[in-house]
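One structure is given below, encoded as structure tokens.
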Amino acid sequence: MTQSANDAQGVAVARDPQVRDPKDRVIVFDTTMRDGEQSPGASMSLDEKLELSKILEDMRVDVIEAGFPIASNGDFEAVHKIAQIVTESTICGLARAGVADIERCAEAIKPARRGRIHTFISTSPVHMKWKLQMEPEAVLEAVSRSVAHARNLCDDIEWSAEDATRTERDFLRRCVEAAIRAGARTINIPDTVGYTYPSEYADIFRDLIENVPGADNVIFSTHCHNDLGLAVANSLSGLQGGARQVEVAINGIGERAGNAALEEVVMALRVRGDRLAFHTGVETQHITRASRYVSAITGFPVQFNKAIVGKNAFAHEAGIHQDGMLKNAETYEIMKPEDVGQGASNLVMGKHAGRAGFREKLKELGYELGQNALNEAFQRFKDLADKKKHVFDDDIIALVDDALASGADRIQVKHLRVIAGTEGPQQADLTVTVDGVEKSDTATGDGPVDAVFNAIHKVVPHEAILRLFQVHAVTEGTDAQAQVSVRLEEEGRIATGQAADTDTLTASAKAYVNALNNLFARKEKTAPDALASGF
């Protein structure tokens, strides 16, 4: 990649605090709020997207794909507001090849200090025949027309060949050349269905860079899906083939099996700089904070053995491992937990801990709360410490995430009493406040949780359908907190709620109510199926 290609993304190079060869600088493009949100059930509210955009900016992510502006008014508003508050990262919106899409996207990113239009069209035979119902020459013409129109509205244009890895190579070259001639500065070669494998993907980039006129003046980008579990490996191979931008998502969320995980790609580049001579500007100590926030707002738990951010990523149980760790951490850890914002200690907090110590613990765990949120979290911690003999880091994470996951709080659980046992039906007596007004009712059910949810339905009538009910213990022991996730769907809108409590039924009630709060607060409509695109 020549210097001129990197000049096209000068902001990214300039922001790297280390003096390194600019041609090896990798631009990190986060699509958590666009492709990640297209995961069924992962819809995010406006406030959640705004908070996530701040976290990504703190992390020094180069490009934030904030949404698909034409998909809904809610998506447009999110991109528009993020463009107003983020000043360091480039704010990108997605658009199909149509004029209306591109102009709506341009309007959404208009307030951005650095804005980008990302437009795409399918190029594979199967997509052109069955999805677009267009002949190749018509697609080629649409590439030139759409990129040129976008370029008239914005200086920074990215073009993507949807399903590129199943596209005939000669036609892909022609499309890429057309996009470059029309003014695209970034060319994305997405593995839309997770079909390719590392050496093949690297070869695609080498071929395009060597054979397409003007390829040395643009940035090539990877965008890999994980259908075969190869998204991260393919992304790294794409860099070896000449790409200098990677499109990733926090926790690897996204369509179907998800996208390449930001945390895995970034840390692979950092840890294996001896073989992958590339560098990013990402401040990795914010990674765990971002991971936990995305998990909290989507209700998608991070698997315990997930690389980099999983609960067990830096845990050692085997005796020989513990012995090695005590002698030198490098025996079994190839990176430091603090490098990614993972707390290294565990049992340090109790009921006698003070507010200052609690604040420092939160910082260690990747949370920076405002004064009101800190006061609320500290009171929750004190209440928990009175119930539990030992308070672990995971307990603190659960109670803070519980607070972060709360919606507009129109509805609050005030009192719950459940009668359960071998003889049914089980019964729940519930009192909630709705906009400050107390409402009470009693319901029975096939089990205590069913009774609790039936009681909620009686005091807060709604048509939402329960799509997910999930419980897991935060820590070990009979006094462990239960963390409950609930997902509701109503008229195409999906909302997730979470709550944690040492009483599983109380946590269940609070999680259901949290989901209702989020559902009622979410006014934007679900994007039509025809607009869905995961590359």
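Electrostatic pairing of Arg116 and Glu65 does not count as a salt bridge here, judged by no charged N lying under 4.0 Å from a carboxylate O. Between Asp163 and Arg166, at least one side-chain N (NZ, or NE/NH1/NH2) sits under 4.0 Å from a carboxylate O, which counts as a salt bridge. Under 4.0 Å is where a charged nitrogen must lie from a carboxylate oxygen, and between Asp155 and Arg114 no such pair does. Salt-bridge annotation for Arg272 and Asp274: present, with a side-chain N of the basic residue lying under 4.0 Å from a carboxylate O of the acidic one. Using a cut-off of 4.0 Å between Lys/Arg side-chain N and Asp/Glu carboxylate O, Asp170 and Arg173 are scored as salt-bridged. Under 4.0 Å is where a charged nitrogen must lie from a carboxylate oxygen, and between Asp21 and Arg25 no such pair does.
Evaluation of the side chain to side chain contact (heavy atoms under 4.5 Å, CB included) rule for Ala290 yields Ile55, Met59, Ile250 as partners, not counting sequence neighbours. Taking the salt bridge (Lys or Arg N to Asp or Glu O under 4.0 Å) definition, one finds that Glu141 meets it with Arg145, sequence neighbours left out. Applying the side-chain hydrogen bond (donor to acceptor under 3.5 Å, both in side chains) criterion to Arg467, with sequence neighbours excluded, gives Glu489. When the salt bridge (Lys or Arg N to Asp or Glu O under 4.0 Å) test is applied to Glu137, the partners found at least two apart in sequence or on another chain are Arg174. In this structure Asp227 satisfies the side-chain hydrogen bond (donor to acceptor under 3.5 Å, both in side chains) test together with Arg256, sequence neighbours excluded. The salt bridge (Lys or Arg N to Asp or Glu O under 4.0 Å) check on Glu200 picks up nothing, with sequence neighbours excluded. Here Asp47 pairs with nothing under the salt bridge (Lys or Arg N to Asp or Glu O under 4.0 Å) rule; sequence neighbours left out. Partners of Arg181 under the side-chain hydrogen bond (donor to acceptor under 3.5 Å, both in side chains) rule, at least two apart in sequence or in another chain, are Glu177. Under the rule for a side-chain hydrogen bond (donor to acceptor under 3.5 Å, both in side chains), Thr222 has no partner lying at least two apart in sequence or in another chain.
Among residue pairs with one or both ends in residues 33-61, none qualify as ring pair (Phe, Tyr, Trp, His ring centres under 6.0 Å); sequence neighbours excluded. Every pair tested for salt bridge (Lys or Arg N to Asp or Glu O under 4.0 Å) that includes a residue from residues 117-130 fails, sequence neighbours excluded, so the list is empty.
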Worked verdict on Trp159 versus Ile180 for side-chain contact (heavy atoms from CB on, under 4.5 Å): CA-CA 9 Å; Trp159 177 78; Ile180 294 172; over 6 Å; no

From CA spacing to verdict: side chain to side chain donor-acceptor pair (under 3.5 Å), Thr196, Asp191: CA-CA 7 Å; Thr196 195; Asp191 185 26; 5.3 Å; no

Residue pair Met335, Arg270: steps toward the side-chain contact (heavy atoms from CB on, under 4.5 Å) verdict: CA-CA 9 Å; Met335 68 196 97; Arg270 175 168 173 164; over 6 Å; no

Worked verdict on Val248 versus Thr31 for side-chain contact (heavy atoms from CB on, under 4.5 Å): CA-CA 6 Å; Val248 288; Thr31 187; over 6 Å; no

Trace of the side-chain contact (heavy atoms from CB on, under 4.5 Å) decision for Leu262 with Val61: CA-CA 10 Å; Leu262 179 150; Val61 164; 4.1 Å; yes

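No hydrogens or angles considered: nothing links the side chains of Glu158 and Thr186 as a donor-acceptor pair under 3.5 Å. Counted by atom type alone, His225 and Glu255 present zero donor-acceptor pairs between their side chains at under 3.5 Å.
With hydrogens and angles disregarded, a donor-acceptor distance shorter than 3.5 Å links the side chain of Thr119 to the backbone of Ala95. A donor-acceptor pair is defined here as one N or O able to donate and one able to accept, closer than 3.5 Å; no such pair exists between the side chain of His223 and the backbone of Glu247. For the pair Asp101 (side chain) and Arg96 (backbone), a donor-acceptor distance under 3.5 Å is present. Using a distance-only test at 3.5 Å, with no hydrogens or angles considered, a donor-acceptor pair links the side chain of Thr496 to the main chain of Thr298. No donor-acceptor pair under 3.5 Å is formed between the side chain of Ser237 and the backbone N or O of Asn234. Looking only at distances, no side-chain donor or acceptor of Tyr197 sits under 3.5 Å from a matching main-chain atom of Leu230. Checking side-chain atoms of Ser235 against main-chain N and O of Ala231 turns up a donor-acceptor pair under 3.5 Å. No side-chain donor-acceptor contact under 3.5 Å links Asn251 to the backbone of Ile253. A donor-acceptor pair is defined here as one N or O able to donate and one able to accept, closer than 3.5 Å; such a pair exists between the side chain of Gln342 and the backbone of Gly310. Proximity of a side-chain donor or acceptor of Gln498 to a complementary backbone N or O of Ile297 within less than 3.5 Å is not detected.
Between Pro125 and Thr167 the shortest heavy-atom distance is CD-CA, 4.3 Å. The shortest heavy-atom contact between Leu236 and Ala268 is CD1-CB, 3.9 Å. Between Ser144 and Ala178, the shortest heavy-atom contact is OG-CB, 3.5 Å. Taking all atoms of both residues into account, the shortest heavy-atom contact from Ala260 to Val265 is CB-CG2, 4.3 Å. Between Val147 and Ala184, the shortest heavy-atom contact is CG1-N, 3.6 Å. Closest non-hydrogen pair, Ser122 versus Lys131, comes out as OG-NZ, 3.7 Å.
A 6.0 Å sphere centred on OH of Tyr195 holds no more than 12 heavy atoms belonging to other residues, nucleotides or ligands. The number of heavy-atom neighbours closer than 6.0 Å to CD of Glu168, taken from other residues, nucleotides and ligands shown, is 12 or below. Heavy atoms from other residues, nucleotides or ligands lying under 6.0 Å from CD of Gln470 number more than 12.
Remark: Asn211 CG to Arg169 CZ distance equals 9.5 Å, nearest 0.5 Å.
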Taking distance alone, no hydrogens or angles, what donor-acceptor pairs closer than 3.5 Å link side-chain atoms of residues 76-87 to residues at least two apart or in another chain?
unit_1, atom_1, unit_2, atom_2, d
His80, ND1, Ala108, O, 3.2
Thr87, OG1, Glu57, OE2, 3.4

